[in-house]
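Since the model is a prediction, treat every value here as computed from it, not as a measurement. Start at 1 and go down the list; that is how both ligands and their atoms are numbered. Below, each value reflects all heavy atoms present in this structure, side chains not excepted, and no hydrogens, waters or symmetry copies.
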Amino acid sequence: MIRVAVNGYGTIGKRVADAVAAQPDMTLSGVAKRRPNHEAESALRRGYDLYGADPDRTAEFEAVGLPLAGTLPELLADVDVVVDCCPAGVGAQNRGTYDDHDVHVVFQGGEDPDVADASFTARAAFETARDADAVRVVSCNTTGLARLLAPIDERFGVETARVTLVRRGGDPAQTDRGPINDIVPDPVGLPSHHGPDLTAVLPDIDIDTAALKAPVTAMHTHSVNVTLETPPSPDEVRGLLADERRLFVIPEHAGIDGAGKLKEYAMDLGRPRGDLWENCLWGESVHVSGHDLYLFQNVHQEADVVPENVDAIRAMTTDMTAAESMTRTDQALGVGLATRLDDNTGPRESIAADD
Ligand code: NAD
């Protein structure tokens, strides 16, 4: 069993903790929090051992009746891997503590690429993590782009990709984020960081990205245009993408027209927190004009990096292949969506054939 700690139990950390706890070959040794807030309480109610991330603040937990199993250094002394899910930039500050305990580290996409030995997505860059002590799972948007563009490049060859990302202004719990009544180019200058970030995991892809922020919380939306070396038919593109378990090609009959219905669908299926681990792309939007492919996809920012974190742990600590790890991760979580009853009994068999 791979012993795993999660440091930083917020939007990403709580989901990664649940995903690790669900894996047959991993043990969640504990989660570390700095503040005794509602998330600390819910971690205890879920049965997770809670550790104080800041040794100077452990008394605050005791004062409100939340028992700690120990401090972060005590947790790190007992694990093989720590997944750092602290706010952007805090992970880099934690690096020294992790080095002191000689543990493998998975950082998140809010950190600079040089925080770790390699940047990671399971579909595009699993092997880069093999000899690494630390990897950085790229951001939610970059993960979504890599999952989409890797199979397209393998089959049809990407000459150039141009993507406009309409990003959610904040997560549902981020009551201090905005904009609240505007659509804001962010950054105004091009390219946004997403294109360069993608080349950290798909170095041969030529890509330009532009990004905006919109007053929504549910998902990001990508408008994708890719110039291909070999022009396919729209059906060939849909078929290729439908074979990727972490991509959900939304069929027309589903009547899903945006993030609201996507989240409703996930909740109706009983998904934890209404999470959509898959990129959700509209089959009808797939359009080919000459060598140019166009489509729209949505990415659930709180969820899509979660299976990637699990695979990053295995890539650093086992000799499993990418396909083996992804299959195991997805079967444990229930990744794989389809809106046909005869196809909707769990992760799709077609992908299990990958390994
Ligand atoms: P968050 O603010 O929801 O959670 C961070 C948690 O870390 C909070 O519980 C906070 O109290 C805790 N924390 C703060 N300082 C700490 C410290 N020194 N030690 C331990 N815990 C500490 O943040 P998040 O959205 O989960 O983001 C975490 C990372 O994941 C960031 O790098 C972010 O860029 C990245 N990420 C976020 C999203 C998203 O949409 N939320 C998507 C992909 C990647």
For this session: Specify side chain, backbone, both or neither for Leu72, according to which of its non-hydrogen atoms lie closer than 4.0 Å to ligand 1.
Result: neither
Exercise. Looking at ligand 1, does any of its N/O atoms fall within less than 3.5 Å of an N/O of Glu302?
Worked result: no
For this session: Inspect the surroundings of CG in Asp176 and state if more than 12 heavy atoms from other residues, nucleotides or ligands are less than 6.0 Å away.
Result: yes
For this session: For atom 37 (C) of ligand 1, state which one of Val115, Asp54, Ile12 supplies the nearest heavy atom.
Result: Ile12
Exercise. Can you list the atoms of ligand 1 that are under 4.0 Å from a heavy atom of Ala53?
Worked result: 19 (N), 20 (C)
Problem set entry | Salt bridge flag under 4.0 Å for residues Arg3 and Asp80 | yes
Seminar exercise, completed: Under 4.0 Å from one or more heavy atoms of Arg35, ligand 1 contributes atoms 11 (O)
Seminar exercise, completed: If you scan protein heavy atoms around atom 4 (O) of ligand 1, the nearest is Gly10 CA, 3.3 Å
Exercise. For Leu190, does the CG atom have more than 12 heavy-atom neighbours from other residues, nucleotides or ligands under 6.0 Å away?
Worked result: yes
Exercise. Heavy atoms, side chains only, cut-off 4.5 Å: are Tyr48 and Asp18 in contact?
Worked result: yes
Problem set entry | Atom of Arg46, atom of Tyr9 and distance for their closest heavy-atom approach | CD-OH, 3.8 Å
Exercise. Within a strict 4.5 Å, meaning less than it, do heavy atoms of the Asn7 and Cys86 side chains meet?
Worked result: yes
Exercise. Hey, are the side chains of Leu262 and His300 touching, using non-hydrogen atoms and a 4.5 Å cut-off?
Worked result: no
Problem set entry | Nearest-contact summary for atom 15 (N) of ligand 1 - protein heavy atom, Å | Arg34 NE, 3.1 Å
For this session: May I ask you to decide whether Asp311 forms a salt bridge with Arg246, counting only side-chain N to carboxylate O separations under 4.0 Å?
Result: yes
For this session: Report the member of Ala43, Ala88, Cys140 with the shortest heavy-atom distance to atom 43 (C) of ligand 1.
Result: Cys140
Exercise. Do the side chains of Asp114 and Arg136 get nearer than 4.5 Å, heavy atoms only?
Worked result: no
For this session: For atom 11 (O) of ligand 1, state which one of Lys33, Glu39, Met219 supplies the nearest heavy atom.
Result: Lys33
Exercise. In the protein, what heavy atom is nearest to atom 35 (C) of ligand 1, and what distance, to one decimal place, separates them?
Worked result: Gln108 CB, 3.8 Å
Problem set entry | Any protein heavy atom nearer than 4.0 Å to atom 23 (O) of ligand 1 | no
Exercise. Is it true that Glu244 and Arg147 make a salt bridge, defined as a side-chain N closer than 4.0 Å to a carboxylate O?
Worked result: no
Exercise. Ligand 1 and Arg168, any nitrogen or oxygen pair closer than 3.5 angstrom?
Worked result: yes
Exercise. How close does the nearest protein non-hydrogen atom get to atom 42 (C) of ligand 1, and which residue and atom is it?
Worked result: Gln301 O, 3.1 Å
Seminar exercise, completed: Scanning both residues in full, the closest heavy-atom pair of Gly274 with Met267 reads CA-CG, 3.7 Å
For this session: May I ask you to say whether Glu154 pairs ionically with Arg123, meaning some side-chain N is under 4.0 Å from a carboxylate O?
Result: yes
Exercise. How far is atom 25 (O) of ligand 1 from its nearest protein heavy atom, and which residue and atom name does that atom have?
Worked result: Thr11 CB, 3.6 Å
For this session: May I ask you to identify, for Tyr9, whether its side chain, its backbone, both or neither come under 4.0 Å of ligand 1 on a heavy-atom basis?
Result: backbone
For this session: May I ask which of Gly91, Gly52, Cys85, Pro87 has a heavy atom nearer to atom 13 (N) of ligand 1 than the others do?
Result: Pro87
For this session: Note the single closest protein heavy atom to atom 41 (N) of ligand 1, along with its residue, its atom name and the distance in Å.
Result: Asp171 OD2, 2.6 Å
Exercise. So between Cys86, Gly110, Gly109, Gly170, whose heavy atom ends up nearest atom 28 (C) of ligand 1?
Worked result: Cys86
For this session: Give the atoms of ligand 1, by number and element, whose distance to some non-hydrogen atom of Gly8 is under 4.0 Å.
Result: 7 (O), 21 (N)
